Amino acid sequence: MDIAKLKKGEAEAFEQFVKEYEKKVYNMALRLLSDYDLACDASQEVFIKVYRNIANFKEECALSTWVYRITFNVCTDMRRKSSRERTLSIDEESREGADLISMIPDTDPTPEEAVCQKESGQLVRKAIDALPEKYREVIVLRELQNLPYNEISSLLNCSEGTVKSRINRGRQKLYELLSGCGNFFCNISSNR
Amino acid sequence: MNPCEEIRDSLYGVVFGEADEQQTRIVLEHLDGCPQCRELFVKLRALYNGLQEIPQEEPPEELSRNVMESIRKIRAEKRRNRRIIAACAAAAAVAVIVFLPGSRDFLTGSDSLLSGGTSQTASAECAPSSPEAPMPAADQGAPMMKAARNFNTNDDAATGGGSPEEVTGENGNQMQQFIAMSGTPPEEGEDAGVFYIKIPSGMTSQELYGILSVKTDENITEIEVDAQQAQQIRQICQDNGFETSGQVYTDSPYITVKTAG
């Protein structure tokens with residue numbers, strides 16, 4: 001990606017940038033917001049913010065890190081503002097021990113998609129969506145976007161120790177959720 | 001703590017590739033003789049692999065189209081704002097020339113640059129294309145006047161820039177608000193009515209909100225306030241040495257302050 005051209009505001013370079021990043025930004029927003037419409041709105045806002053601010057990007061971090069930082073901030077704001085919060089995230093404490101995956105409304109009930117859901121990636125995705133917000137954030141940033149601890153710490157404005165602790169707890173919760181779901185580890189033990 | 005509990009504490013680190021060499025060796029040695037821990041290890045490997053296999057979803061087709069459409073609008077708006085700034089600068093320069101002591105003699109003397117209508121030109125300010133603000137006669141030796149005159153000609157049919165409605169409309173108001181708040185016109189890439197506060201190192205956003213007297217949710221990173229509150233927030237930032245900018249910080253967490261209206 002030619003950052004210099006982006007900084008000059010060249011429309012063609014920006015179009016190329018959008019093509020390269022739209023899937024990454026959209027998927028990050030989707031995992032953070034668990035809502036297709038909001039993820040689309042958030043992605044659009046991210047690209048507009050990038051366009052408006054790219055001239056000030058100091059290149060002290062990778063362009064992708066900078067874009068993820070903006071994505072995270074936009075999603076955080078959107079989640080707070082949105083009145084369309086999903087009911088499953090009403091009260092994090094009340095979710096302890098529940099079979100949360102079964103609480104996620106299925107929007108894809110076709111037979112083909114039902115088969116797909118048996119795939120481990122799909123099950124893990126649903127488990128991430130079911131995580132309490134503070135764990136979902138760190139798991140998305142660490143495991144899906146591959147951000148280093150210090151960058152996550154900077155994004156969340158908390159210490160690296162807190163980030164590590166949340167990531168560990170998030171992983172344990174993922175394990176618990178997938179253990180409760182049944183299919184996941186059955187598939188694993190027979191497939192691997 | 002029995003050995004298995006200790007090992008299980010380290011298992012996540014080993015599986016996710018974050019344990020050091022020694023820790024990894026101890027865990028693997030334990031797994032050789034402990035079927036229960038080995039089973040957990042296999043499950044955690046499956047979780048790790050599952051995370052790598054999460055399918056990426058295709059964004060909706062209209063996403064990139066909508067983004068590029070918005071970008072085109074922003075570019076048009078920027079061009080328009082640049083012309084407004086140029087016109088304001090030109091008008092201000094004219095005002096200085098006209099009202100400087102002795103300048104009237106210079107302007108109306110035998111070597112005059114202007115011949116009549118000078119005060120109207122100065123008062124035209126940000127609306128140089130207004131019919132009440134006739135531009136001076138053409139003159140080869142007055143660059144500032146030429147700048148104002150260039151603005152006056154509507155040279156961009158695509159954006160329709162330069163018409164009185166646009167200059168005094170939403171864009172003009174928004175920019176005046178920005179200038180009132182920041183003391184400077186927005187630069188390229190800046191949003192009128194928006195500024196950013198760098199969260200000082202070691203301070204949480206909630207602590208910063210407390211100092212700024214803003215009651216809001218801990219995790220929100222954007223607040224919307226009226227112009228008066230924005231001014232107060234700027235003052236508090238100045239008093240406390242908090243860094244503010246018209247542009248986002250790329251090297252630090254920040255909060256966004258949007259001015260409503």
Side-chain angles (χ1 to χ4, degrees), chain A residues 9 11 14-15 18-19 22-27 30-31 36 39-40 43-44 47-49 51-58 60-61 66 69-70 73 76-77 80-81 116 119-125 128 139 143-144 154-158 168 171-172 174-175 178-179 184-185 187-189 192, chain B residues 9 12-13 15-16 18 39-40 42-60 62-64 66-68 70-72 74-75 78 187-191 194 199 203-206 208 216-217 219-223 245-256:
Chain A
F14 195 77
E15 197 159 5
V18 173
K19 273 184 193 159
E22 65 172 338
K23 197 169 180 179
K24 295 168 190 167
V25 168
Y26 176 72
N27 275 275
L30 191 56
R31 295 282 71 79
Y36 288 94
C40 189
S43 305
Q44 197 171 328
F47 286 115
I48 290 169
K49 275 189 190 288
Y51 180 79
R52 286 187 186 277
N53 293 288
I54 187 73
N56 314 310
F57 172 49
K58 293 173 187 163
E60 288 165 346
C61 60
W66 186 65
R69 177 194 290 277
I70 293 174
N73 282 357
T76 303
D77 293 335
R80 299 287 168 194
K81 285 177 189 170
C116 283
E119 299 292 332
S120 62
Q122 290 277 20
L123 285 170
V124 176
R125 177 183 65 78
I128 290 174
I139 291 293
E143 313 296 0
L144 306 189
S154 164
L155 272 178
L156 299 178
N157 202 29
C158 60
N168 279 337
R171 287 168 179 165
Q172 284 170 20
L174 271 183
Y175 175 76
L178 291 165
S179 297
F184 184 75
F185 291 120
N187 284 348
I188 297 308
S189 50
R192 292 165 203 270
Chain B
D9 279 348
Y12 283 91
V15 168
F16 284 83
E18 292 166 356
E39 188 186 342
L40 178 59
V42 170
K43 286 181 174 177
L44 291 179
R45 282 292 302 176
L47 169 60
Y48 176 79
N49 290 333
L51 282 165
Q52 314 308 311
E53 290 163 10
I54 288 182
Q56 293 276 296
E57 305 209 23
E58 287 299 326
E62 68 269 22
L63 175 59
S64 57
N66 289 346
V67 167
M68 293 314 294
S70 301
I71 298 306
R72 271 187 284 277
I74 292 168
R75 287 164 73 91
K78 274 183 187 174
E187 289 176 11
E188 182 89 10
E190 289 186 358
D191 257 344
V194 178
I199 301 175
M203 185 181 285
T204 66
S205 53
Q206 193 61 14
L208 182 56
T216 190
D217 195 312
N219 290 323
I220 204 159
T221 59
E222 183 176 299
I223 55 173
S245 170
Q247 298 157 350
V248 290
Y249 290 96
T250 56
D251 56 347
S252 162
Y254 59 87
I255 57 176
T256 307

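Please read all numbers here as calculations on a predicted model, not as lab measurements. Within every chain, numbering begins at 1; the chains are lettered A, B, ... in the order of the sequence lines, protein sequences first and strands thereafter.
For the atom pair SG of A:Cys40 and CG of B:Leu63, the computed distance is 5.0 Å after rounding to the nearest 0.5 Å. Rounded to the nearest 0.5 angstrom, B:Leu44 CG and A:Leu178 CG are separated by 10.5 Å. For the atom pair B:Asn66 CG and A:Ile48 CD1, the distance stands at 9.0 Å (nearest 0.5 Å). Remark: B:Gln56 CD to A:Leu144 CG distance equals 8.0 Å, nearest 0.5 Å.
A:Asp77 and B:Thr221 are linked by a side-chain donor-acceptor pair at a separation below 3.5 angstrom, with hydrogens and angles left out of the test.
Residues B:Tyr254 and A:Asn73 have side chains in contact (heavy-atom distance under 4.5 Å, counting atoms from C-beta outward). Side-chain contact check for B:Pro253 versus A:Ser154: some heavy-atom pair is nearer than 4.5 Å. Looking at heavy atoms from C-beta onward, B:Arg75 lies in side-chain contact with A:Tyr51 at the 4.5 angstrom threshold. Side chains of A:Tyr36 and B:Pro60 form no contact here, defined as non-hydrogen atoms less than 4.5 Å apart. Considering only heavy atoms from C-beta on, A:Gln44 comes within 4.5 Å of B:Ser70 through its side chain.
Nearest heavy-atom pair across B:Ser64 and A:Val18 is CB-CG1, 3.8 Å.
In this structure, chain A has heavy atoms under 4.5 Å from both the backbone and the side chain of B:Leu51. Looking at A:Ile128, only its side chain comes within 4.5 Å of chain B, counting heavy atoms on both sides. Heavy atoms of A:Leu155 lying under 4.5 Å from chain B are absent altogether. Of the atoms belonging to B:Glu18, it is side-chain heavy atoms, and not backbone ones, that fall under 4.5 Å from chain A. Neither the backbone nor the side chain of B:Tyr48 comes within less than 4.5 Å of any heavy atom of chain A.
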*Start with the C-alpha gap between B:Met68 and A:Phe14, add the side-chain angles, then the distance that decides, and say whether side chain to side chain contact (heavy atoms under 4.5 Å, CB included) holds.*
CA-CA 8 Å; B:Met68 293 314 294; A:Phe14 195 77; 4.0 Å; yes
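Of the listed residues (A:Arg31, A:Arg69, A:Lys49), the one with the most heavy-atom contacts under 4.5 Å to chain B is A:Arg69. Ranking A:Trp66, A:Phe47, A:Tyr175 against chain B, the residue ahead of the rest is A:Tyr175, based on heavy-atom pairs under 4.5 Å. Heavy-atom pairs under 4.5 Å with chain A peak, among B:Ile199, B:Thr256, B:Ile74, at B:Ile74. For the set A:Gln172, A:Lys19, A:Glu60, the count of heavy-atom pairs under 4.5 angstrom toward chain B peaks at A:Gln172. Counting heavy-atom pairs under 4.5 Å between each of A:Glu22, A:Lys58, A:Lys24 and chain B puts A:Glu22 at the top.
Side chain of A:Asn27 to main chain of B:Glu57: a donor-acceptor pair is present (N/O by atom type, distance under 3.5 Å, no hydrogens or angles).
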